[in-house]
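Heads up, the thing below is written out as C-alpha cells.
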Protein chains: 2
Amino acid sequence: MTAQPEPVSSARRIAAPPSMSTLAAEALREMVLSGELQPGDRVIENRLTEQLGVSRPPLREAMRVLEQEGLIVQVPRKGAVVAPVTPHDIYEIVSLREEIEQIAVRLGVPVRSQERLDRLREAFADLEAAAEEDGAPGVVACSFAFHLAIVGLAGHRRLEDVYRSLSLQMRMCMAMNRRARAGIETARQDAGRHRPLMELVEAGDVEGMAHTLAHHGQRTYLLSIEDDAEGHSPESRAWFARIRQEEEEAMRHDGHH
Amino acid sequence: MTAQPEPVSSARRIAAPPSMSTLAAEALREMVLSGELQPGDRVIENRLTEQLGVSRPPLREAMRVLEQEGLIVQVPRKGAVVAPVTPHDIYEIVSLREEIEQIAVRLGVPVRSQERLDRLREAFADLEAAAEEDGAPGVVACSFAFHLAIVGLAGHRRLEDVYRSLSLQMRMCMAMNRRARAGIETARQDAGRHRPLMELVEAGDVEGMAHTLAHHGQRTYLLSIEDDAEGHSPESRAWFARIRQEEEEAMRHDGHH
DNA sequence: GAATGGACTATTGTCTACAAAAGCCAGGCC
DNA sequence: GGCCTGGCTTTTGTAGACAATAGTCCATTC
C-alpha cells in the first residue's frame, strides 16, 4: 500500500497479448463462420498450419476449443471435420437458444443494470448503423451481437457462454451454401424487428420481451430446411412442424392487419 | 470372412483407444473433483507432466478442455488456476442447472423413449446399490449420474452437455474442503428422494417432476454457503435469500406433517 | 531503513522432429 | 475376375528442446 511500482493499471487491462493458439482459434472460427469451411469438410492439421502460419501444437489447442464450442468434431485417430448439422441438430441449437433467451430476459430485464443496458444500447446502435450502410454479412454479426447483449442483461456469465456457443453454431448453419442467402435475407428482415425489442427492454416489459423473442424472425430461416428428410428425429420433426405452424399463423396475421 | 485376424469386432466399438490428452484430461478432472486440487490453486504444467507421465502438449490440450468445462481458468502469460468460485458463481451454476432440468423434463418425460428410460433405470439401480453399500463419495457420483440420466431423457445432446459441465462445476464446489462434509451429507439425504423422482418419471408426470426437481435436496447444501459476504452480486444475494426462504418453508412443512 | 533498479529463476508459448496408427493402392492369390 | 494382403503414404499423437515473458529476490543507493 506504500507505493505502487506499476502505475500502468488502466491501459493494461485492455492490452491482452493474444497468443498464437488464440489467434489460430479465431482464424479457424472465422473460416467456419464465413463458409470457407463447410460442415462435413475435413480439417487437416498440416493443411492449416501453413495456411495460418502457426505450428501444430497451438493449432491443436485451437481445435480443442472449437470442438468444445461445437463447431468441429474430432474422432480420436481419424481426424477432425467441421461439425455436420442434421435437422435434429438445428432443432437442438435453435430450441435451446430460445429457452436461454427466455431465461435471460426473465432474470435480466427487471434488474435494469445501467452498465449492461449501455452495452445493449451500443450493440443496438452498431446494428442500425450496419443495417443502413452495408447490406453485407456485417449485419448478421451485429444482429447476433445484439441478441447476445440482450442475454448479457442477466449478468450470468455461464448463461451467456452457452448462448454464445449456440449462436456460433447457428451462424455456421447459416453459412452452409444453400442457406446462405436465406440467412442474410432473414437478418435484413429482422433488422426492423429489433427496435421493438429495444423499446420493450427500456420499458422493462419482461412478458413482452419473452413473447417477442419467442416469435422473433430468426426462425423464418428455419422454414427453408424442413424438406430434408435425412437426419430428423421424432423430436425434431414435431418441433419443426410446430414452428412452421406458428410462423404461418404469424404471417397470416401480418397479412390481415 | 475367411479368417479374421482380429475377432474383436463387437468389443471394439467400446474400446475407443484413448489418447494421452484424453487420459490427461480425465486425470486432471479427477484431481479437481476429488479436492486434491482446490479452487484457486495454481496449475503448473511442468508439475503435472511428471505427475501424470505425459508431455506438455497433450497436457495443454487437456487444460484447454478443462477450461471450457469451467473447471480451470487460464490467464494468457501468467498461468492457470483451478476456477475460484464466489457465491455469485454458485448462484450461476445452481440456477442454470435447475433451469436446464426444468427444460429437460418438459421435453423428455412425455416422449417415453424406451432406450433412454432404460438408461435412467440403470443409473437408478446403480445409485441405490451405491447408497446401500458404501457411504463413501461413490454416492455423490451416482447421484449426479442419475440426474444426468434424467436430463438425458430429452434426447438433446447440447442440453445434456451443458448440464454435464455444470454438474462438474458443482462437484468441484462440493470438493472444497469446508463444504465437503455438507456435500456428502446432502447426497445421503438425497438418496431417499430419488425414488419418488423415478416414480414420477415412470408415471410420465411432467408437472410433478418439475416441481420435485425445483425443490430437490441438492439445494440444502447451499445453506452452508450463504454467510460468505465476499463475492456476492445483487443477483446472487437475492437468489440465495429466496432459496433459503423456500428451504426453511419446506423444512417447516416436513416438521409439521 | 526503505525504495528502486537489475539480474535471475521459474513458467509459459512455440517449434521441429519422431513414432504410430489409419487409409489407400497395387499386386498377387484363389 | 474378385478379394485379400502387403507395403506405402498420409495424417495424427507425442516428445523434447528452445525462446520469451513475468514474477522474485537481492544488492545498491538515497
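In the text below, chain A, chain B and the rest are named by the order of the sequence lines, each starting its count at 1. The model shown is predicted, which means the values in this text are computed figures rather than measured ones.
- Looking at B:Glu160 and B:His156, their side chains never bring a donor and an acceptor atom within 3.5 Å of each other.
- Using a 30° and 60° split on the angle between ring planes, B:Phe240 and B:His232 fall in the perpendicular class, above 60°.
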- Note on the structure: Protein-proximity profile, nucleotides 9-20 of chain D, B/S/- by nucleotide at the 4.0 Å heavy-atom cutoff, equals --SBBBBBB---
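- Distance, B:Leu59 CG to C:dT14 C1': 15 Å, rounded to whole Å.
- Partners of A:Glu98 according to the side chain to side chain donor-acceptor pair (under 3.5 Å) rule, which considers only residues two or more places apart in sequence or in another chain, are A:Arg219.
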- Task: Could you check A:Glu235 against B:Arg116 for salt bridge (charged side-chain N to carboxylate O under 4.0 Å, His left out), going step by step and ending with a plain yes or no?
- Result: CA-CA 14 Å; A:Glu235 288 87 0; B:Arg116 299 173 205 156; 2.9 Å; yes
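- Just one of A:Arg29, A:Arg164, A:Gln169, A:Arg64 meets the side-chain hydrogen bond (donor to acceptor under 3.5 Å, both in side chains) condition when paired with A:Glu69; it is A:Arg29.
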